Amino acid sequence: MTDPLTVRLAATVHAARTSRGLSSAALAENSGVSRAMIGKIERGDVQPTAALLAKLSSALGLTLSELIARAEGDERRVVRAAEQPVWVDPDSGYRRRSLSPASGRPLELVEIELPAGAEVPLLASTFLHQQIWVLDGRLRMREGAEVHELDVGDCLVLGSARDRVFANPGSLPCRYLVALVPRAT
């Protein structure tokens with residue numbers, strides 16, 4: 001049985017793709033996600049992973065938060081903690097809470113909780129400036145060949161590397177805040 005958010009994400013990905021005049025083949029080529037998987041996602045047959053959604057949102061010129069906010073259909077100025085959209089990656093347990101109201105653009109605040117021992121590869125969004133602030137635990141972040149070991153209170157400005165891996169080397173969950181804004185063009 002498909003949950004309501006997966007159904008709304010399916011419709012949102014489809015709408016974003018078609019509004020840009022992209023075929024599923026073009027989106028597959030731009031995102032690195034197979035046409036077959038895009039079809040499954042757009043039909044709501046699968047719950048996409050964080051890595052897949054990040055690739056698709058980047059290829060569509062959206063942040064992951066924007067994609068999820070569009071799926072939620074939310075334009076409020078205040079989003080209470082209990083109402084903030086939470087998405088959990090079915091593969092890693094990576095938990096993403098969108099803190100900012102959708103109407104709060106251009107700034108987005110996102111809380112991430114990464115389970116102990118979890119590792120999540122995410123493709124960088126070239127149109128975003130992002131900073132990470134570790135709230136609890138330890139975070140190991142790889143950007144290409146560069147590795148950053150972050151402890152509580154550490155803050156990192158993300159670089160330009162395309163391939164990133166977020167890992168929790170500790171025995172407790174790692175919680176961190178991501179602040180992101182579009183890069184000036």
Side-chain angles (χ1 to χ4, degrees), residues 5 9 30-34 37 41 46-69 71-72 79 81-102 104-185:
L5 182 57
L9 275 170
N30 294 340
S31 67
V33 176
S34 74
M37 180 55 73
I41 291 168
V46 297
Q47 182 183 11
T49 65
L52 284 175
L53 283 178
K55 287 178 181 181
L56 291 173
S57 63
S58 181
L60 292 166
L62 300 169
T63 67
L64 188 53
S65 294
E66 286 175 308
L67 188 67
I68 292 171
E72 290 288 326
V79 180
E83 301 168 331
Q84 293 166 348
V86 175
W87 181 80
V88 179
D89 179 14
D91 286 351
S92 66
Y94 163 100
R95 185 175 163 269
R96 185 179 198 286
R97 176 187 298 273
S98 184
L99 304 172
S100 299
R105 306 291 183 259
L107 172 67
E108 287 185 53
L109 299 175
V110 179
E111 178 189 47
I112 305 294
E113 186 172 305
L114 197 56
E119 210 174 87
V120 177
L122 294 173
L123 198 60
S125 294
T126 57
F127 62 93
L128 294 174
H129 171 79
Q130 299 179 64
Q131 295 186 25
I132 294 174
W133 181 36
V134 178
L135 302 169
D136 294 308
R138 297 202 63 209
L139 179 64
R140 177 177 296 135
M141 210 285 264
R142 284 194 318 261
E143 293 181 293
E146 193 171 5
V147 177
H148 306 281
E149 298 284 346
L150 304 171
D151 291 310
V152 173
D154 292 347
C155 188
L156 170 70
V157 173
L158 298 186
S160 60
R162 191 83 170 124
D163 296 323
R164 295 181 178 151
V165 177
F166 294 81
N168 179 355
S171 58
L172 298 173
C174 174
R175 196 170 59 93
Y176 55 96
L177 177 75
V178 180
L180 42 102
V181 295
R183 288 190 188 278
T185 56

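Computed from a predicted model, the values in this text were never measured in an experiment.
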Give the intermediate values and the outcome of side chain to side chain contact (heavy atoms under 4.5 Å, CB included) for residues Ile132 and Leu158.
CA-CA 8 Å; Ile132 294 174; Leu158 298 186; 3.6 Å; yes
With a 4.5 Å cut-off on side-chain heavy atoms, are Asp163 and Arg142 touching?
no
Determine yes or no for a side-chain-to-main-chain donor-acceptor pair under 3.5 angstrom, with Asn168 supplying the side chain and Pro115 the backbone.
yes
Supply the atom-to-atom distance Asp136 CG to Asp151 CG, rounded to the nearest 0.5 angstrom.
12.0 Å
Is Arg164 reaching over with its side chain to a backbone N or O of Gly159, donor-acceptor style, under 3.5 angstrom?
yes
What is the distance from atom CG of Leu139 to atom NE2 of His148, rounded to the nearest 0.5 Å?
10.0 Å
Taking every non-hydrogen atom, the tightest pair across Ser92 and Asp89
OG-OD2, 2.8 Å
Give me the ring orientation class for Trp87 and Tyr94: parallel if the planes are under 30° apart, tilted from 30 to 60°, perpendicular past 60°.
perpendicular
Could you walk me through whether Leu109 and Leu177 pass the side chain to side chain contact (heavy atoms under 4.5 Å, CB included) check?
CA-CA 7 Å; Leu109 299 175; Leu177 177 75; 4.2 Å; yes
Can you see which heavy atom on Cys174 is nearest to which on Val134, and at what distance?
SG-CG1, 4.4 Å
Electrostatic pair Arg175:Glu113 at N-O distance under 4.0 angstrom:
no
Return the OG to CZ distance between Ser171 and Arg138, rounded to the nearest 0.5 Å.
11.0 Å
Please round to the nearest 0.5 Å and tell me the distance separating atom CG of Asp154 and atom CE of Met141.
12.5 Å
Quick one: do Val165 and Arg140 satisfy side chain to side chain contact (heavy atoms under 4.5 Å, CB included)? Show the steps, please.
CA-CA 8 Å; Val165 177; Arg140 177 177 296 135; over 6 Å; no
Over all heavy atoms of both residues, which pair between Ala54 and Leu122 is shortest? Give the atoms and the distance, please.
CB-CD2, 3.8 Å
Go through it in stages, so that I can follow the logic: the residues are Leu114 and Val120, the test is side chain to side chain contact (heavy atoms under 4.5 Å, CB included), and I'd like the CA-CA distance, side-chain angles, deciding distance and then a yes or no.
CA-CA 9 Å; Leu114 197 56; Val120 177; 3.7 Å; yes
Check whether any side-chain heavy atom of Phe166 sits under 4.5 Å from a side-chain heavy atom of Ile112, and report yes or no.
no
Under 3.5 Å donor-acceptor, Asp91 side chain and Thr49 backbone
no
Spacing of CG belonging to Leu52 relative to CD belonging to Gln47, to within rounding of 0.5 Å:
11.0 Å
Could you tell me the separation between the CG atom of Leu67 and the OG atom of Ser58, rounded to the nearest 0.5 Å?
11.5 Å
Could you report the tightest heavy-atom contact between Pro121 and Ala51, atom names first, then the distance?
O-CB, 3.4 Å
Return yes if some donor-acceptor pair links the side-chain N/O of Ser31 with the main-chain N/O of Lys55 below 3.5 Å, else return no.
no
